[in-house]
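Chain naming here is simple, since letters A, B, ... match the order of the sequence lines and numbering starts at 1 in each.
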Number of protein chains: 4
Amino acid sequence: MRSNSVQTSSNPTFTESARRTQIMKCAIEVLAESGYSGASLAEIARRAGISKSVVLYYFSGKDDLLSSVVFDVYGRAGQAITEALSHEASPGEKIAAYVRTNLHFLEEHPADIRAVVEIVSNARGSDGTHSFVPQGEDPVLAHFEQLLREGQDGGEFREFDPHHLAIIIRSAIDTASGRLVADPSFDLAAYTRELISVVELATGIHRSEESS
Amino acid sequence: MRSNSVQTSSNPTFTESARRTQIMKCAIEVLAESGYSGASLAEIARRAGISKSVVLYYFSGKDDLLSSVVFDVYGRAGQAITEALSHEASPGEKIAAYVRTNLHFLEEHPADIRAVVEIVSNARGSDGTHSFVPQGEDPVLAHFEQLLREGQDGGEFREFDPHHLAIIIRSAIDTASGRLVADPSFDLAAYTRELISVVELATGIHRSEESS
Amino acid sequence: MRSNSVQTSSNPTFTESARRTQIMKCAIEVLAESGYSGASLAEIARRAGISKSVVLYYFSGKDDLLSSVVFDVYGRAGQAITEALSHEASPGEKIAAYVRTNLHFLEEHPADIRAVVEIVSNARGSDGTHSFVPQGEDPVLAHFEQLLREGQDGGEFREFDPHHLAIIIRSAIDTASGRLVADPSFDLAAYTRELISVVELATGIHRSEESS
Amino acid sequence: MRSNSVQTSSNPTFTESARRTQIMKCAIEVLAESGYSGASLAEIARRAGISKSVVLYYFSGKDDLLSSVVFDVYGRAGQAITEALSHEASPGEKIAAYVRTNLHFLEEHPADIRAVVEIVSNARGSDGTHSFVPQGEDPVLAHFEQLLREGQDGGEFREFDPHHLAIIIRSAIDTASGRLVADPSFDLAAYTRELISVVELATGIHRSEESS
DNA sequence: CATGAATGAGACTTCATTCAT
DNA sequence: TATGAATGAAGTCTCATTCAT
């Protein structure tokens with residue numbers, strides 16, 4: 001999915017890496033502000049203060065740029081989440097940490113997430129099918145679903161359908177980036193608290209234990 | 001945002017109305033299948049078996065066509081919801097009916113909803129701002145939020161933040177259209193049951209009362 | 001290979017047919033004068049006094065335009081040759097008529113032939129292989145080779161290798177279009193006489209009969 | 001047309017000469033395989049395993065590279081032909097040797113010849129005129145024409161038009177490179193035999209003498 | 001000696017839209 | 001009522017070339 005236009009020798013130049021990062025950053029900004037269809041190479045280049053050709057010098061094409069953005073953001077978010085989950089023991093705490101970390105990442109990188117959402121929900125191949133939501137499998141969702149399932153198997157949670165509950169909670173997470181970008185007065189901290197309450201109620205985890 | 005190209009005399013012709021409906025139907029199909037960027041006037045006209053010019057004869061432009069679609073689908077969905085809510089008395093039952101009716105409408109008109117989501121999340125004016133998610137106010141969300149607030153005011157519900165809970169539940173509703181289109185094996189009935197359970201738990205409504 | 005951009009109803013409009021013909025004529029001129037790489041859509045449109053978009057309105061793309069040119073010219077040339085051959089009885093006379101008609105068509109339509117040669121020898125698909133010289137089979141060459149073979153089978157000709165002789169004579173025919181375009185002083189009539197002499201000598205046909 | 005980018009001191013470095021040769025070799029490969037339009041500097045550099053800039057360091061531009069290729073191949077071919085002709089005495093033998101040597105060179109360096117054909121038939125200056133087929137004069141053709149004329153003047157040949165016969169025979173020679181590249185099953189030896197037969201018949205040289 | 005970086009011109013193509021009929 | 005014809009803006013991408021290091 002990801003390929004460099006620049007003939008990457010074993011160690012990519014500092015300049016190259018910096019330029020790629022800069023271009024990706026500008027692409028993210030444009031995507032977050034102007035949406036998928038507004039994110040033309042010309043606009044991205046303009047924002048970066050460079051010529052269109054430079055973008056195509058560092059990325060083999062628009063697809064490569066967008067894939068790289070998705071790859072990069074997913075990578076950073078995934079890393080943060082993995083790190084956070086490693087500190088938690090019980091499934092209930094893992095779930096809460098998962099939601100909290102997701103929304104926290106989103107708070108610190110709202111444009112990144114918004115950009116990824118724009119790309120994922122709009123990018124389509126020449127056959128018209130989505131490029132980033134592969135048929136049936138969704139690793140992000142599957143991962144979270146597994147978390148729910150583990151808690152349930154451990155007897156800690158109530159009876160529920162892990163697949164559908166995962167969809168519900170993930171949608172609540174994903175929608176936040178849109179709110180954050182569109183509505184400056186959106187209170188993410190309060191939203192996070194509310195969502196965690198909902199998750200606890202929905203999973204049946206006993207909050208009393210935590211608060212005691 | 002909406003203006004007719006056809007000089008509407010007092011009584012719009014039957015032909016005119018039929019043509020508009022037909023074109024909107026095709027637009028919805030294309031939007032649902034090929035996404036926002038795949039929905040060119042040419043493609044819509046091709047699917048309708050007419051020439052591009054006809055589309056522009058009945059709609060003053062692409063914007064007009066798309067807003068008409070949104071207007072139309074919102075209208076029909078709103079009507080169904082209003083009708084359903086009128087049969088319910090208690091806030092708890094209203095909330096459940098709201099969710100159920102939303103998902104039911106979505107089940108019967110998946111493409112309609114998908115099309116609207118595509119339009120709303122992508123259509124932007126020349127200034128780059130969203131055309132359909134007005135800054136701050138969102139009548140659909142506000143309506144549902146009001147429902148939650150009423151139940152809370154009536155003492156029937158637990159303590160929660162109506163605004164944020166409304167966002168959470170609406171996102172769970174809205175995400176279903178995407179699932180339905182992308183994943184043929186998606187079980188909407190099960191999803192509906194799960195979501196209603198979550199809503200009941202999240203609002204604190206006592207289900208025992210209903211089942212007793 | 002050939003497809004219309006315009007939604008061809010059962011009977012193509014006069015205007016449409018005329019425009020297509022006009023555009024193809026201009027394409028042929030540009031190809032003959034400026035070669036394959038000089039034949040951009042912009043240049044062709046400029047010569048036709050129309051906008052680039054019009055070209056793409058009548059042809060689904062550059063490939064379609066070039067294919068149509070090849071198809072058209074081959075069609076006309078083939079028709080002329082078939083017609084001419086039908087008047088001749090003996091293989092020797094058929095061969096001579098074949099050469100004569102080819103060069104005669106070339107004399108009257110030098111740019112057409114030149115354009116086709118440019119396209120055929122340069123057009124390549126995305127895989128880098130020639131688009132118009134299919135691997136192994138060459139109907140034009142095969143046809144002429146068959147003519148030679150028939151004369152040989154009838155005992156009228158000397159012993160020779162029909163395949164290779166066909167290549168030799170066809171190359172002499174094909175090269176003439178280049179001469180004609182590049183060198184205004186090129187005497188096609190004299191060239192034709194010389195080539196027919198060579199063909200008679202090479203096939204071993206007895207000219208004495210004709211001259212007696 | 002030809003100018004060195006490297007500041008040639010009195011004795012060009014071995015490295016320089018080797019690099020130039022290597023680049024020209026790769027250019028020839030690309031031209032033979034992918035045709036004129038496929039022969040970009042990037043592709044040539046890629047095949048040579050060097051950067052585009054190196055190509056432009058050793059050649060002042062693409063034009064310089066291509067003319068160097070033509071110059072080089074023509075030089076080698078011309079040398080081989082001159083050498084071969086020096087061993088023959090009679091015009092008839094010279095002609096045969098000319099054809100044989102041409103096709104022999106082509107057999108041993110098919111890509112070289114193919115590359116030159118691609119360049120010569122496609123390269124054009126900014127004014128759109130061919131860069132390598134100068135108006136009217138063609139030294140290669142003129143040389144061969146002179147050979148024919150000498151045989152004719154010596155009374156050894158029949159009456160014919162040397163200019164046009166030269167064109168015919170040269171076209172048969174030139175076409176072979178295309179066949180060789182496109183059709184792996186092409187039998188060059190057989191083609192050579194057939195062409196020499198044709199040349200002998202066309203010039204009227206008495207083969208009986210040679211074979212006796 | 002070699003290259004990484006950057007650029008601008010120009011290629012093909014898509015698309016919404018206007019206009020006359 | 002409907003459409004064929006035409007257009008211009010904008011999009012992605014390729015390429016030869018220049019420049020500083």
Taking side-chain contact (heavy atoms from CB on, under 4.5 Å) as the criterion, tell me which of A/V117, A/V30, A/L66, A/V120 meets it with A/Y36.
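Exactly one option meets the side-chain contact (heavy atoms from CB on, under 4.5 Å) with A/Y36, and it is A/L66.
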Separation of [X] atom [atom1] from [N] atom [atom2], in whole Å?
X	N	atom1	atom2	answer
B/F59	E/dA16	CZ	C1'	15 Å
A/I44	F/dT12	CD1	C1'	12 Å
B/D63	E/dC15	CG	C1'	13 Å
B/L65	E/dC15	CG	P	15 Å
D/Y36	F/dT14	OH	P	19 Å
C/L41	F/dG11	CG	P	20 Å
B/E43	E/dT14	CD	C1'	13 Å
C/L56	E/dA16	CG	C1'	16 Å

Who passes salt bridge (charged side-chain N to carboxylate O under 4.0 Å, His left out) against B/E33, sequence neighbours left out?
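With sequence neighbours excluded, B/E33 shows a salt bridge (charged side-chain N to carboxylate O under 4.0 Å, His left out) to B/R47, given in chain and number order.
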Identify which nucleotide among E/dT13, F/dC13, F/dA5 has an atom closest to any side-chain atom of C/K62, counting heavy atoms from C-beta outward.
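That would be E/dT13.
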To the nearest 0.5 Å, tell me how far A/I23 CD1 sits from A/I28 CD1.
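Rounded to the nearest 0.5 Å, the CD1-CD1 separation comes out at 12.0 Å.
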Measuring from atom CG of B/D112 to atom NZ of B/K25, what distance do you get when rounded to the nearest 0.5 angstrom?
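Taking CG in B/D112 and NZ in B/K25, the distance rounds to 10.5 Å.
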Stems formed with participation of DNA chain E [Watson-Crick or G-U wobble, under 3.5 Å, three or more pairs]:
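Runs of three or more consecutive pairs: E:2-21 with F:2-21.
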With a 4.5 Å limit on heavy-atom distance, are the side chains of B/D72 and B/T21 in contact?
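Heavy-atom side-chain distance check fails, nothing below 4.5 Å.
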Side-chain heavy atoms of A/E118 within contact of B/N122, under 4.5 Å:
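A/E118 vs B/N122: side chains touch.
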Nucleotides 6-8 of chain E: which of its N/O atoms have a protein N/O under 3.5 Å away?
residue : atom : partner : partner atom : Å
E/dA6   : OP1  : A/R19   : NE           : 3.2
E/dA6   : OP1  : A/R19   : NH2          : 2.7
E/dA6   : OP2  : A/R19   : NE           : 3.1
E/dA6   : OP2  : A/Y58   : OH           : 2.5
E/dT7   : OP2  : A/S51   : N            : 3.2
E/dG8   : N7   : A/S53   : OG           : 2.9
E/dG8   : O6   : A/S53   : OG           : 2.5

State whether C/S40 places a side-chain N or O below 4.0 Å from either non-bridging phosphate oxygen (OP1 or OP2) of E/dA11.
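It does, given that an N or O in the side chain of C/S40 lies less than 4.0 Å from OP1 or OP2 of E/dA11.
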Taking only residues two or more places apart in sequence, or in another chain, which ones meet [X] in a side-chain contact (heavy atoms from CB on, under 4.5 Å)?
X	value
A/V181	A/R114
D/R19	D/Q22, D/I50, D/V54, D/Y58
A/S40	A/A42, A/E43

Using heavy-atom distances to pick each residue's nearest nucleotide on DNA chain E, tell me which of B/S37 and C/G38 is more 5'.
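Nearest nucleotide further toward 5': that of C/G38.
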